[in-house]
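No hydrogens, no waters, no symmetry mates; every other heavy atom, side chains included, goes into these values. Source: prediction; values computed, not measured.
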Amino acid sequence: MKKIGTVPIFLGLFLLASGPALAQIKVEEAWSRATPPGAKIASGYLTIRNAGAADRLVGASSPAAERVETHVTLRDGDISRMREVKGYDVPAKGTLELKPGGAHLMLVNIRAPFKEGTKVPLTLKFEKAGEVKTELMVRPLTGGAQHSH
């Protein structure tokens, strides 16, 4: 009988220990722009706040796109170029901001246009924190820096 009673205790301790690790990563201000009919790509922007040890965003996925890539914008004089990267470092007790003109997510071969006011499901994949689910709020197409390839 004692062995059966200890299993729930160990399981409870495990869940208590793992819960705070998941809460170390917080996603804020996740958004994308509305896309015109026929568009095949969209960009995702967000802020990642990390209350714990350093981590790395290694990928993302969304049912709204064939794939989600991690990109950066590189400036060479007057020319901006987008490059795919293998992920982004998220500093310990720090913040990573994905924003227009910088690091961002590229949603490739979107399945339908993104409509203003809707939400796009997104799963971020971290080396240590694992998967973190969020949603991109779709903002108007106009305004701010435009993104294209």
Side-chain angles (χ1 to χ4, degrees), residues 6-35 39-141 143-149:
T6 58
V7 171
I9 292 170
F10 286 121
L11 180 59
L13 290 174
F14 172 77
L15 291 174
L16 284 174
S18 64
L22 296 175
Q24 300 299 316
I25 298 287
K26 297 231 186 285
V27 178
E28 300 174 351
E29 301 172 36
W31 65 280
S32 184
R33 281 195 188 85
T35 58
K40 294 292 180 193
I41 61 169
S43 298
Y45 311 106
L46 48 89
T47 300
I48 299 168
R49 299 205 188 278
N50 182 6
D55 206 338
R56 184 164 176 79
L57 177 63
V58 293
S61 62
S62 174
E66 184 178 297
R67 68 184 181 278
V68 179
E69 300 173 349
T70 49
H71 281 218
V72 294
T73 303
L74 303 172
R75 278 269 318 145
D76 185 13
D78 292 339
I79 300 171
S80 290
R81 300 180 194 273
M82 310 302 157
R83 294 284 184 259
E84 186 174 4
V85 294
K86 294 184 188 240
Y88 311 112
D89 291 326
V90 183
K93 300 193 186 316
T95 301
L96 171 67
E97 186 177 0
L98 304 185
K99 60 185 179 178
H104 59 278
L105 299 174
M106 181 65 60
L107 290 87
V108 180
N109 292 329
I110 59 174
R111 302 188 197 295
F114 288 7
K115 296 185 188 287
E116 180 181 346
T118 63
K119 294 179 181 177
V120 177
L122 181 71
T123 302
L124 303 173
K125 297 173 186 163
F126 294 88
E127 279 183 351
K128 295 176 184 164
E131 292 188 350
V132 175
K133 294 187 183 297
T134 191
E135 294 176 319
L136 300 172
M137 183 65 183
V138 181
R139 295 181 180 174
L141 177 60
Q146 296 298 312
H147 186 96
S148 63
H149 274 264

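- A salt bridge links R67 with E69: the distance from a Lys NZ or Arg NE/NH1/NH2 to an Asp or Glu carboxylate oxygen falls below 4.0 Å.
- With values rounded to the nearest 0.5 angstrom, L124 atom CG is found 8.5 Å from S61 atom OG.
- Of all heavy-atom pairs between A65 and R111, the closest is O-NH2, 3.1 Å.
- No more than 12 heavy-atom neighbours from other residues, nucleotides or ligands sit within 6.0 angstrom of CZ on R81.
- Residue H104 comes nearest to L98 through the heavy atom pair CA-CB, 4.1 Å, listed as atom of the first residue, atom of the second, then distance.
- A pairwise comparison of heavy atoms in S43 and Y45 identifies CB-OH, 3.2 Å as the closest pair.
- For D76, the CG atom sits in a loose shell: 12 or fewer heavy atoms of surrounding residues, nucleotides or ligands are nearer than 6.0 Å.
- Once rounded to the nearest 0.5 Å, the distance linking NZ of K40 with CG of N109 reads 6.5 Å.
- Taking CZ of R56 as the reference point, atom OH of Y88 lies at 10.0 Å (rounded to 0.5 Å).
- Annotation: side chain of T47 is not in contact with side chain of L96 (no heavy-atom distance under 4.5 Å).
- The distance from atom CD1 of I48 to atom CD of E97, rounded to the nearest 0.5 Å, is 10.5 Å.
- D55 CG to I25 CD1: the interatomic distance, rounded to the nearest 0.5 Å, is 5.0 Å.
- Contact detail for V68 and A60: the closest heavy-atom pair is CB-O, 3.5 Å.
- Here the closest heavy-atom approach between residue A30 and residue T134 is recorded as CB-OG1, 4.1 Å.
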Checklist entry - Would L136 and L107 satisfy side-chain contact (heavy atoms from CB on, under 4.5 Å), going step by step from the backbone distance to the final call? => result CA-CA 11 Å; L136 300 172; L107 290 87; 4.2 Å; yes
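- Contact annotation: the side chain of S32 never approaches that of V120 to less than 4.5 Å [non-hydrogen atoms, C-beta and beyond].
- Without hydrogens or angle criteria, K128 side chain to A54 main chain gives a donor-acceptor distance under 3.5 Å.
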Item to check | side-chain contact (heavy atoms from CB on, under 4.5 Å) evaluation trace for L105 with T70 | outcome: CA-CA 5 Å; L105 299 174; T70 49; 3.9 Å; yes
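- No more than 12 heavy-atom neighbours from other residues, nucleotides or ligands sit within 6.0 angstrom of CD on E29.
- The backbone N or O of P140 lies less than 3.5 Å from no partner atom in the side chain of R33, so there is not a single donor-acceptor pair.
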Checklist entry - What's the verdict on side-chain contact (heavy atoms from CB on, under 4.5 Å) for N50 and Q24, showing C-alpha distance, side-chain angles and the deciding distance? => result CA-CA 5 Å; N50 182 6; Q24 300 299 316; 4.1 Å; yes
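- The structure places CD1 of I41 at 4.5 Å from CE of M106, a figure rounded to the nearest 0.5 Å.
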Item to check | V108/E66 under side-chain contact (heavy atoms from CB on, under 4.5 Å): CA gap, chis, key distance, verdict | outcome: CA-CA 6 Å; V108 180; E66 184 178 297; 5.6 Å; no
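- Closest of all the heavy-atom pairs between K125 and L57 is O-CD1, 3.4 Å.
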